[in-house]
Amino acid sequence: MDALGNLTAETAGESAFVSFRNVQKTYDGETLVVRDLNLDIPRGEFLTLLGPSGSGKTTTLMMLAGFEAPTQGTIMLGGRALNQVPAYKRNLGMVFQNYALFPHMSVYENLAFPLRIRRVPKAEMDQCIARALEMVHLSPFRNRRPSQLSGGQQQRVAVARALVFEPEIVLMDEPLGALDKKLREELQYEIRQLHDRLGITMVYVTHDQGEALTMSDRIAVFADGILQQCGAPRALYDEPGNAFVADFIGENNRLTGKVKEVRGSTCKVALDNDGGETLALAVHALQAGERCALSVRPEQVQIAPPPGTLPNIFSGRVESVLFQGDHLRAVIQAAGVNAIVAKVPNRGSDHRLQAGGTTPVGWDTDICRAFHAR
């Protein structure tokens, strides 16, 4: 891997446990819901497929599971092509959002089902089930039916059923989407702890960026059927590769303008709406006269920087200030934008940032990232 957590060309083939090679998928023969996907997943990784609805992330998971067939390309698992291998022969565990438990069966019987299909002897089956229930802290509930369990307990049963036959890989399709916030956060931690303890490969689908940032070794960001960027959570947040990733991962101030000049990795941009000029890091190969989109994270916007300390300083009018515990969230009209968001550490009640007031705001060149306009 490189410094950003991305697989390099030299290491991808050697370390890949799962590989997508030039994979495409269409349902109607015209519209591609997954386009030219090339993705490698090392053994033991927790990879999250992240994107909005219709981005192709779930279709990618379903092709790996064997519930959908790729229209073009090859999917490899452990060095063998899966295209002609039916789902039940792929040795994959699957966890769905709606649990997919058998309502007429007890917890024990739900976990026994995949073992019976594999003709596991009864004594071994009992050991496997006991071990799986212990993993998810449900041993006392083995004789209950799903209707006698809470939503969180039912999801734990679904996770245990996916793990009970010791699959090579576990796939999870928005498994926590139906749970409330507190329970969702608890299960995020539990699933991640299970992954670390077992060392199993997990591929996890979600549209929740916070969930992806919390749980993942790497995140693959999808939009319009295209893999936009894949890397470690911090890399995607700090160094997004395009305007979509910058907007989708975390909160972001998006500005637009026209490139005036480019010098090496730095460009000067004339901001729209007579917002002035800013120096930015040219992430893409931009040219003078080209339109571009700019990204600045709220926590990197500085309030009232001393004159001359930053290359980009603008006068601003404070529209609102919200107290959010450890920080203040200020919305400021500046740089031709009505709502530049700044997150300011809370230093106590004497903070002089007030709605209706004025203040300079600014940022450094290397944290203002310039991309081709979408």
Side-chain angles (χ1 to χ4, degrees), residues 46-50 53 57-59 61-62 64-68 87-88 90-118 120 122 124-198 200-212 214-216:
F46 194 120
L47 177 75
T48 295
L49 310 182
L50 175 68
S53 297
K57 61 188 187 298
T58 297
T59 299
L61 191 80
M62 293 299 107
L64 178 54
F67 301 142
E68 295 288 349
Y88 68 92
R90 295 191 181 193
N91 196 29
L92 306 175
M94 188 81 194
V95 182
F96 298 94
Q97 180 177 346
N98 63 355
Y99 318 138
L101 300 177
F102 297 111
H104 61 287
M105 293 184 181
S106 67
V107 169
Y108 175 94
E109 291 166 336
N110 267 279
L111 268 63
F113 183 79
L115 297 173
R116 288 197 176 106
I117 290 176
R118 290 165 175 79
V120 176
K122 180 67 166 60
E124 184 180 346
M125 181 187 300
D126 288 342
Q127 292 177 356
C128 291
I129 293 172
R131 187 163 56 244
L133 288 176
E134 186 177 352
M135 284 181 197
V136 296
H137 314 296
L138 285 179
S139 298
F141 300 89
R142 57 184 283 137
N143 294 321
R144 293 194 186 182
R145 291 191 175 186
S147 61
Q148 298 172 306
L149 303 174
S150 68
Q153 289 169 338
Q154 289 182 54
Q155 194 56 284
R156 285 186 176 94
V157 174
V159 171
R161 187 177 60 184
L163 294 170
V164 71
F165 57 93
E166 299 181 352
E168 293 184 284
I169 182 170
V170 172
L171 312 180
M172 298 192 178
D173 185 19
E174 308 242 21
L176 309 182
L179 304 177
D180 63 64
K181 183 176 185 296
K182 184 174 184 297
L183 184 55
R184 190 164 63 244
E185 290 174 350
E186 289 177 2
L187 284 180
Q188 286 173 12
Y189 175 78
E190 289 184 19
I191 290 171
R192 179 67 215 205
Q193 288 293 102
L194 274 174
H195 168 268
D196 292 344
R197 189 160 70 247
L198 300 174
I200 196 168
T201 308
M202 288 189 177
V203 181
Y204 190 100
V205 164
T206 184
H207 64 272
D208 185 324
Q209 55 181 270
E211 192 166 273
T214 298
M215 301 178 71
S216 314

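Both backbone and side-chain heavy atoms feed into the values below; hydrogens, waters and symmetry mates do not.
Under the side chain to side chain contact (heavy atoms under 4.5 Å, CB included) criterion, Ala112 pairs with Tyr108, Arg116, Met125, Ile129, sequence neighbours left out. The salt bridge (charged side-chain N to carboxylate O under 4.0 Å, His left out) search around Asp208 returns none, not counting sequence neighbours. Taking Glu68 as the reference, Lys25 meet the salt bridge (charged side-chain N to carboxylate O under 4.0 Å, His left out) condition, with sequence neighbours excluded. The ring-ring contact (aromatic ring centres under 6.0 Å, His included) test applied to His207 returns no partner, not counting sequence neighbours. Evaluation of the ring-ring contact (aromatic ring centres under 6.0 Å, His included) rule for Phe113 yields Phe102 as partners, not counting sequence neighbours.
Using a 4.5 Å heavy-atom threshold, the side chains of Asn91 and Phe165 count as touching. Between Met94 and Met62 there is a side-chain heavy-atom pair separated by less than 4.5 Å. Residues Lys57 and Glu174 have side chains in contact (heavy-atom distance under 4.5 Å, counting atoms from C-beta outward). Side-chain atoms of Thr58 and Asp173, non-hydrogen and from C-beta on, do get closer than 4.5 Å to each other. With contacts defined as side-chain heavy-atom distances shorter than 4.5 Å, the pair Glu190/Leu187 qualifies. Taking 4.5 Å as the limit, every side-chain heavy atom of Leu47 sits out of range of all side-chain heavy atoms of Met202. Using a 4.5 Å cut-off on side-chain heavy atoms (C-beta onward), Ile169 and Leu171 make contact. Between Ile200 and Leu163 there is a side-chain heavy-atom pair separated by less than 4.5 Å.
Considering Val203, Leu61, Val95 in turn, Val95 is the only one that fulfils the side chain to side chain contact (heavy atoms under 4.5 Å, CB included) rule with Met172.
Ion pair Arg184/Asp180 not flagged as a salt bridge, since none of the NZ, NE, NH1 or NH2 atoms sits closer than 4.0 Å to an Asp/Glu carboxylate oxygen.
Using a distance-only test at 3.5 Å, with no hydrogens or angles considered, a donor-acceptor pair links the side chain of Arg161 to the main chain of Tyr99.
Rounding to the nearest 0.5 Å gives a distance of 10.0 Å between CG of Leu111 and SG of Cys128. To the nearest 0.5 angstrom, Ser216 atom OG is 8.5 Å from Glu211 atom CD. Separation of atoms CD (Glu109) and CG (Leu101) is listed at 12.5 Å; rounding is to 0.5 Å. Distance CD/Gln188 to CE/Met215: 5.5 Å, rounded to 0.5 Å. Taken from CG in Leu149 to CZ in Arg156, the straight-line distance is 10.5 Å, to the nearest 0.5 Å. Distance CD/Glu185 to CG/Leu179: 11.5 Å, rounded to 0.5 Å.
Under the 30°/60° scheme for interplanar angles, the aromatic rings of Phe46 and His195 are found to stand perpendicular.
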Using a 3.5 Å cut-off and no angle test, enumerate the donor-acceptor pairs between side-chain atoms of residues 131-147 and protein atoms at least two apart in sequence or in another chain.
from: Arg131; atom 1: NH2; to: Glu166; atom 2: OE2; distance (Å): 3.3
from: Arg145; atom 1: NH2; to: His104; atom 2: O; distance (Å): 3.4

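Smallest separation of non-hydrogen atoms from Ala162 and Pro167: O-CG, 3.1 Å. Of all non-hydrogen atoms in Ala87 and Phe67, the two that sit nearest each other are CB-CE2, 3.8 Å. For the residue pair Leu50 and Ala212, the shortest heavy atom distance occurs at CD2-CB, 4.0 Å.
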